[in-house]
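Here is the structure we will look at.
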There are 2 protein chains.
Amino acid sequence: MAIDETDRKILLELQEDAGRSLDEIARAVGSSKTPVWNRIRKMREAGIIGPQVVIPDPEKLGFEACFFVLIRTSEHEADWQRKFLKALRERPEVMEAHRLAGEIDYILKVRVKNARAYDVFYQALISEVKVYNVTALLSMEELKNTNALPL
Amino acid sequence: MAIDETDRKILLELQEDAGRSLDEIARAVGSSKTPVWNRIRKMREAGIIGPQVVIPDPEKLGFEACFFVLIRTSEHEADWQRKFLKALRERPEVMEAHRLAGEIDYILKVRVKNARAYDVFYQALISEVKVYNVTALLSMEELKNTNALPL
DNA sequence: CGTGAAAACTACACAGC
DNA sequence: GCTGTGTAGTTTTCACG
């Protein structure tokens, strides 16, 4: 599905603040209710627009530790991968996980209440799957965090 | 502000899908409209609930490259930091930025349309601020990505 | 602190342009 | 493809238990 300039503007608004009414969004993009609504519906159907969520404040909820975990493994069989993937999906502390190209095989972003909670997570993970090398980078300060794509 | 069990349940629902009506959420947490609405309002005021946004699908919008950028710097003066922070905030490709403890000073998550677009970003960044060493990790596959905290 | 109803607003569908 | 109107449903307020 192709996206035009108006769709782009709508997306920019929605990924900034989706809590406003159709009217407000329509005004912001210089159009009116019905066309905007039809475009949003189409983008939803096409899967361009995913779920609508609230972003909770991690600090205020006591999630004061955030780690980036760099993982090297020696095992590259399908079965190991399947188990590893399952473990990541099941653990709610894992906010983000990517398979990488190059030296390092995986990167995870893990949010926990404190350093001890990270250790609990870490011990649980390595008992479930064999990994060759793990490096944890501790975040001191979150300088920026957005889901808004640079459309 | 303290959060009780009901607030926790509401947050779990909202960070999963905030697109539903109050009625549905109230039913899901085993309460009714007014109390749920009052709790949501309080959490909003307290900043526990941040903005409500839609999550666009990066792939479908042509953002096929995602890099994690590990940055070491030799400069640690306040002025350098201010400039660096400003550069990160202004560049929409930077989805996420953390200041780290340890060897590596910063990690960025950068989403771009392709590898060439990453190079444009990289050249622009190093021309704005001096950095000592930069390592880019290319994501091959996004295995998981959520904003939902493990409440 | 919860219930229920009233008022204002919003989403969604559709006829006409 | 846009404008405007109508209706069903939703949010938000409030008086009361």
Side-chain angles (χ1 to χ4, degrees), chain A residues 1-63 146-151, chain B residues 1-63 113 145-151:
Chain A
M1 180 197 169
I3 255 193
D4 73 1
E5 188 58 16
T6 309
D7 292 325
R8 212 179 59 86
K9 280 191 205 160
I10 294 170
L11 271 176
L12 279 169
E13 296 296 325
L14 289 181
Q15 65 180 3
E16 211 65 56
D17 177 7
R20 285 165 299 165
S21 74
L22 252 187
D23 264 331
E24 286 176 290
I25 288 153
R27 217 174 311 123
V29 304
S31 183
S32 58
K33 277 164 58 164
T34 314
V36 170
W37 191 81
N38 282 321
R39 284 158 182 277
I40 291 175
R41 193 173 45 79
K42 263 189 204 154
M43 290 195 282
R44 248 195 259 280
E45 278 165 13
I48 288 170
I49 290 179
Q52 191 170 148
V53 298
V54 299
I55 311 293
D57 184 323
E59 309 272 313
K60 292 200 171 127
L61 288 161
F63 291 86
T146 180
N147 291 294
L149 297 171
L151 301 165
Chain B
M1 179 199 170
I3 255 191
D4 73 1
E5 188 58 16
T6 309
D7 292 326
R8 211 179 59 86
K9 279 192 204 158
I10 293 170
L11 272 176
L12 279 169
E13 295 297 325
L14 288 181
Q15 66 181 4
E16 211 65 56
D17 177 6
R20 285 166 300 165
S21 75
L22 252 188
D23 264 332
E24 286 174 291
I25 288 153
R27 216 173 313 124
V29 304
S31 182
S32 57
K33 277 162 60 160
T34 312
V36 171
W37 190 82
N38 282 321
R39 284 158 181 276
I40 291 175
R41 193 173 44 79
K42 264 189 202 152
M43 290 195 281
R44 248 194 259 282
E45 279 166 13
I48 288 169
I49 290 179
Q52 191 168 149
V53 299
V54 298
I55 311 293
D57 185 323
E59 309 271 312
K60 292 202 172 124
L61 288 160
F63 291 86
K113 301 229 172 198
N145 190 359
T146 180
N147 292 294
L149 297 171
L151 302 165

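Just so it is clear: chains get the letters A, B, ... in the order the sequence lines come, proteins before strands, and each one is counted from 1.
- The pair B/E24-B/R27 fails the salt-bridge criterion, with no side-chain N (NZ, NE, NH1 or NH2) lying under 4.0 Å from an Asp/Glu carboxylate O.
- Residues that satisfy the side chain to side chain contact (heavy atoms under 4.5 Å, CB included) test with B/A26, not counting sequence neighbours, are B/V36.
- Taking 4.5 Å as the limit, some side-chain heavy atom of B/L11 sits within range of a side-chain heavy atom of B/I48.
- Note that CD1 of A/I40 and CD1 of A/I25 are 5.5 Å apart. Values are rounded to the nearest 0.5 Å.
- Rounding to the nearest 0.5 Å places NZ of A/K9 at 14.0 Å from CG of A/L14.
- Closest heavy-atom contact between B/Q15 and A/P56: OE1-CG, 3.1 Å.
- Within 6.0 Å of atom CD in A/E16, 12 or fewer heavy atoms from other residues, nucleotides or ligands are found, so the atom counts as exposed in its surroundings.
- Taking CG of A/N147 as the reference point, atom CG of B/N147 lies at 4.5 Å (rounded to 0.5 Å).
- A heavy-atom distance below 4.0 Å to DNA chain C is reached by these residues of residues 16-40 of chain A, ordered by number: A/S21, A/L22, A/K33, A/T34, A/W37.
- The pair B/E45-B/K42 does not meet the salt-bridge criterion, since no charged nitrogen lies less than 4.0 angstrom from a carboxylate oxygen.
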Only Watson-Crick and G-U wobble pairs with both distances less than 3.5 Å should count. Give DNA chain D in dot-bracket notation, marking inter-strand partners with |. ||||||||||.||||..
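- We find the CD1-CD1 distance between B/I55 and A/I49 to be 11.0 Å, quoted to the nearest 0.5 Å.
- The footprint of chain B on DNA chain D, defined by a heavy-atom cutoff below 4.0 Å, extends from D/dT10 to D/dC14.
- In this structure, the separation between CD1 on A/I10 and CD on A/E5 is 11.0 Å, given to the nearest 0.5 Å.
- Taking 4.0 Å as the cutoff to heavy atoms of chain B, we find the contact window on DNA chain C bounded by C/dG2 to C/dG4.
- Taking the side chain to side chain contact (heavy atoms under 4.5 Å, CB included) definition, one finds that A/D7 meets it with A/I3, A/D4, A/R39, A/M43, sequence neighbours left out.
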